[in-house]
Amino acid sequence: MGPSRGPVLGLAAQLGLLALLGSTLGLTPAGLVAGAAYGLVLCGLLGAGLARAGLNELGAANAVTLSRAILVGGVTAMVVTSFTQPVSVPALVTIASVALALDGVDGQVARRTKTTTALGARFDMEVDAFLILVLSVYAGDRYGWWPVALGAFRYAFVAASWAWPWLNAALPPRFSRKVVAAVQGIALALVIAGLLPTVAAVAVLALALASLTWSFGLDVRWLHRAMRVREAARSRWSEERATPARRPALAH
């Protein structure tokens, strides 16, 4: 599958899913437009990324991620529809849960097929981030808008990196970061399923937000320390270059 064909097929699958959901669940025009716009942007960015990376094939791992991304498009359409009319909560929870459950499968596929790429990792991360954002918006519409911070954290971090470029440095792997990321999806799935009393749902969302704040705080602290170390190293290097080397004294 070439780099241009994969995104095109992905867009076709996205439109097909929206048509199915629209005919069976009665999505609003706004919801369908939101889902289609998401699919168009998604597949356009994926095509550009494949071309920039010089990849000739989408690859099995990226195909799994694209499948998850298409499900996220369906979730997006349902959440936008929920602003003006009720949606099928079982359908929303099922689609979102499948997308969440498939997280990690693409990584396993990439490792087993030895096709791990920077594009694949970024693609996976962005799909996860957008799904959490959409689910947090759904939860925020029902429990107050503060839960939207669960999904907005990632994008606030990206915006902050424009002002402070040192936030763009690579982070070391950290298992707790993966655990916290998984907790966000599980917490939101529980809440949107409506299985918890209001007090319990708010508590779950608050704990999820607290863990996410802690995780981002650790990353920002590490990045700041790394920036200070780099600055100190550059300062020493500049001083060494500016100081003329002393000639050894001649022996008599």
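Heavy-atom basis, side chains included; hydrogens, waters and symmetry copies ignored.
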Please round to the nearest 0.5 Å and tell me the distance separating atom [atom1] of [X] and atom [atom2] of [Y].
X: N62; Y: T117; atom1: CG; atom2: OG1; value: 5.5 Å
X: E57; Y: R5; atom1: CD; atom2: CZ; value: 10.5 Å
X: Q14; Y: L42; atom1: CD; atom2: CG; value: 7.0 Å
X: E126; Y: R122; atom1: CD; atom2: CZ; value: 4.5 Å
X: T94; Y: L71; atom1: OG1; atom2: CG; value: 11.0 Å
X: L46; Y: T65; atom1: CG; atom2: OG1; value: 9.5 Å

With F157 via ring-ring contact (aromatic ring centres under 6.0 Å, His included) - residues at least two apart: F216

Residue list, ring-ring contact (aromatic ring centres under 6.0 Å, His included) with Y38, at least two apart or on another chain: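 Expected list: F130.
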
Heavy-atom pair with the smallest gap, counting every atom of [X] and [Y]:
X: L32; Y: G22; result: CD2-CA, 4.3 Å
X: W146; Y: Y143; result: NE1-O, 3.3 Å
X: L18; Y: G74; result: CD2-CA, 4.4 Å
X: C43; Y: G10; result: SG-C, 3.7 Å
X: L58; Y: G6; result: CD2-CA, 4.3 Å
X: A96; Y: L135; result: CB-CD2, 4.0 Å

May I ask whether [X] and [Y] are part of the same hydrophobic cluster, defined by side-chain heavy atoms of I, L, V, M, F, W, Y residues being less than 4.5 angstrom apart, directly or through others?
X: I70; Y: L20; value: no
X: Y155; Y: F123; value: yes
X: V41; Y: V8; value: no
X: L9; Y: L45; value: no
X: L207; Y: L100; value: no

From CA spacing to verdict: side chain to side chain contact (heavy atoms under 4.5 Å, CB included), T213, F153: CA-CA 8 Å; T213 303; F153 242 115; 3.5 Å; yes

Any donor-acceptor N/O pair, S136 side chain to L133 backbone, under 3.5 Å: yes

V72 vs I95, side chain to side chain contact (heavy atoms under 4.5 Å, CB included): CA-CA, chis, key distance, verdict: CA-CA 8 Å; V72 174; I95 296 173; over 6 Å; no

Kindly give the cluster partners of [X], where membership spreads through any ILVMFWY side chain lying under 4.5 Å from a current member.
X: M125; value: none
X: W237; value: none
X: W162; value: V158

[X] atom [atom1], over 12 foreign heavy atoms within 6.0 Å:
X: R112; atom1: CZ; result: no
X: R234; atom1: CZ; result: yes
X: R228; atom1: CZ; result: no

Please tell me if the side chains of [X] and [Y] come closer than 4.5 Å, counting only heavy atoms from C-beta onward.
X: V105; Y: V109; answer: yes
X: W164; Y: L223; answer: no
X: T76; Y: L131; answer: no
X: P147; Y: L209; answer: no
X: D128; Y: R68; answer: yes
X: T28; Y: F83; answer: no

For a quick test of your reading: what N or O donor-acceptor pairs under 3.5 Å do the side chains of residues 165-194 make, sequence neighbours left out?
unit_1: N168; atom_1: OD1; unit_2: S161; atom_2: OG; d: 3.4
unit_1: R174; atom_1: NH1; unit_2: S176; atom_2: OG; d: 2.6
unit_1: R174; atom_1: NH2; unit_2: S215; atom_2: O; d: 3.2
unit_1: R174; atom_1: NH2; unit_2: S215; atom_2: OG; d: 3.4
unit_1: R174; atom_1: NH2; unit_2: D219; atom_2: OD1; d: 2.6
unit_1: R174; atom_1: NH2; unit_2: D219; atom_2: OD2; d: 3.4
unit_1: R177; atom_1: NE; unit_2: D219; atom_2: OD2; d: 3.1
unit_1: R177; atom_1: NH1; unit_2: P172; atom_2: O; d: 3.2
unit_1: R177; atom_1: NH2; unit_2: P172; atom_2: O; d: 3.1
unit_1: R177; atom_1: NH2; unit_2: D219; atom_2: OD1; d: 3.0
unit_1: Q184; atom_1: NE2; unit_2: V180; atom_2: O; d: 2.9
unit_1: Q184; atom_1: NE2; unit_2: A208; atom_2: O; d: 3.2
unit_1: Q184; atom_1: NE2; unit_2: S211; atom_2: OG; d: 3.2

Qualifying residue for side-chain contact (heavy atoms from CB on, under 4.5 Å) with V137, from I132, V80, V79, L150: V79

Partner of S82 by side-chain contact (heavy atoms from CB on, under 4.5 Å), out of V89, V87, L92, L27: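 Between S82 and the candidates, side-chain contact (heavy atoms from CB on, under 4.5 Å) is satisfied uniquely by V87.
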
